[in-house]
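Everything below concerns the one structure shown next.
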2 protein chains.
Amino acid sequence: MEFKESKEKFIQSWGVLGSSWGINKTMAQIHALLLITPEVLSTEEIMEELKISRGNANMNIRALMDWGIVTKSFKAGERKDFFFADKDIWEVARKITKERSKREIEPVIKILNELKNVKGNDAHINQFRETVNELEAFTSKLNSIVDKFSKADEHWFYKKLLKLVK
Amino acid sequence: MEFKESKEKFIQSWGVLGSSWGINKTMAQIHALLLITPEVLSTEEIMEELKISRGNANMNIRALMDWGIVTKSFKAGERKDFFFADKDIWEVARKITKERSKREIEPVIKILNELKNVKGNDAHINQFRETVNELEAFTSKLNSIVDKFSKADEHWFYKKLLKLVK
DNA sequence: CTGAACTTTCAGTAATTATTGAAAGTTTAT
DNA sequence: ATAAACTTTCAATAATTACTGAAAGTTCAG
């Protein structure tokens, strides 16, 4: 396969994967492009490569910076901004995990904890309470694993996981 | 908080969580409703409770059955279908994990493996190859953990995880 | 068979989410 | 201070995705 074709396929696939995990397509594609590019890229270059508008590029680059997986950089004598992606996949996974836990899992745990306190004692309320309790326990456990993961240094966790998988 | 209010909040929250993880809102809400309902429900009852149309209810119930987390049931002397959700959260998580791995992760691994073979040797191609290799390695490892998880019996894995989190 | 009870499908529509592009804002060299 | 170079914002629009409801399909008791 030609490089150009491979590159397009890679960017395309990463976009699809992103969409199915609640990350928008363009954001995932910009990230993919930066991941495979050895040097830094300007907004213009990203726009051109992905055939997207300035506004779209700007917003999604910013989102990637908010997630902490893309960084702004400067070139001597140049006025515009350049960007590059953290190439360490482990680190990227950690940051994404942490961010999604914070944005999506923690608020749900909070709500589940509130809902535990519902009063009453017919079959419906009992089933409700049981489900909420189980979900809360499960989600909290999951979240604490995720948290451990997002704080661990690569080696510690990696070794543990490998052992787990054997 | 009143039961009715709690119930609505729960269904609502589960819908939001679903959306941000690529599961459609209604599907998540139907699942939430079935989870907290001790007895089986008919399509009509689900429609009524969630204020959704017959078509929508039908399609999403079917999707839940495809995922293996909702089951059709029959009542003696009644002609219509009734449904209930598997209440074992662990089991539900396993099934969802397995299904998403199959639908979303495995195809990506396949593509990454194809892309490993790109020929050439300038800086761009080298970076491309390196990124693709790392992503493939990472994703495969992740997937094998997920696979282990989806096959393990509750106890084995649970114990290991607990040790991990300590 | 027939038709009532029920389920499924799907074209049309609504709701949501993403994208554009031009205008406003900011920064910096002169 | 000015204006060129660049970035950000956001209202309008496009694209995508979800939902409705009526019609077609299926099943089964009589």
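Chain A is the first sequence line, chain B the second, and so forth, proteins listed ahead of strands; every chain is numbered from 1.
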Atom pair distance, as rounded to whole Å: CE in B:Met47 and P in C:dT7: 10 Å

N/O donor-acceptor pair, side chain B:Arg54 with base D:dT20, under 3.5 angstrom: no

Interatomic distance where CG belongs to B:Asn56 and P belongs to C:dT7 [whole Å]: 16 Å

Side-chain N,O (A:Thr43) to OP1/OP2 (D:dC6) below 4.0 Å: no

Cation-aromatic face contact B:Arg100/B:Trp21, 6.0 Å, 45 degrees: no

Side-chain (B:Lys25) to main-chain (B:Gly15) donor-acceptor, under 3.5 angstrom: no

B:Arg129 side chain to B:Val118 backbone, donor-acceptor under 3.5 Å: yes

A:Phe82 vs B:Lys25, nearer the 5' end of DNA chain D by closest nucleotide: A:Phe82

First of A:Arg79 and A:Glu44 reached from the 5' end of DNA chain D, by closest nucleotide: A:Arg79

Heavy-atom donor-acceptor pair, A:Arg62 side-chain to D:dT8 base, under 3.5 Å: no

Between P of C:dT7 and CD1 of B:Ile61, the distance in whole Å: 9 Å

Backbone N/O of B:Thr139 and side chain of B:Asn143: donor-acceptor pair under 3.5 Å: no

OP1 or OP2 of C:dT7 under 4.0 Å from side-chain N/O of B:Asn58: no

Nearest-angstrom distance from the residue atom CG of A:Asp66 to P of D:dT8: 11 Å

Rounded interatomic separation in angstrom, taking CG from B:Asn24 and P from D:dT20: 11 Å

Nucleotide nearest A:Ile52 (side chain, heavy atoms from C-beta), chosen from C:dC10, C:dT20, D:dT7: C:dT20

Whole-Å distance separating the NZ atom of B:Lys75 from the P atom of C:dC6: 12 Å

A:Lys80 NZ - C:dT27 C1' separation (whole Å): 15 Å

Distance, rounded to the nearest Å, where B:Met59 contributes CE and D:dG25 contributes P: 18 Å

Aromatic A:Phe82 / basic A:Lys75 pairing, under 6.0 angstrom, 45° off normal: yes

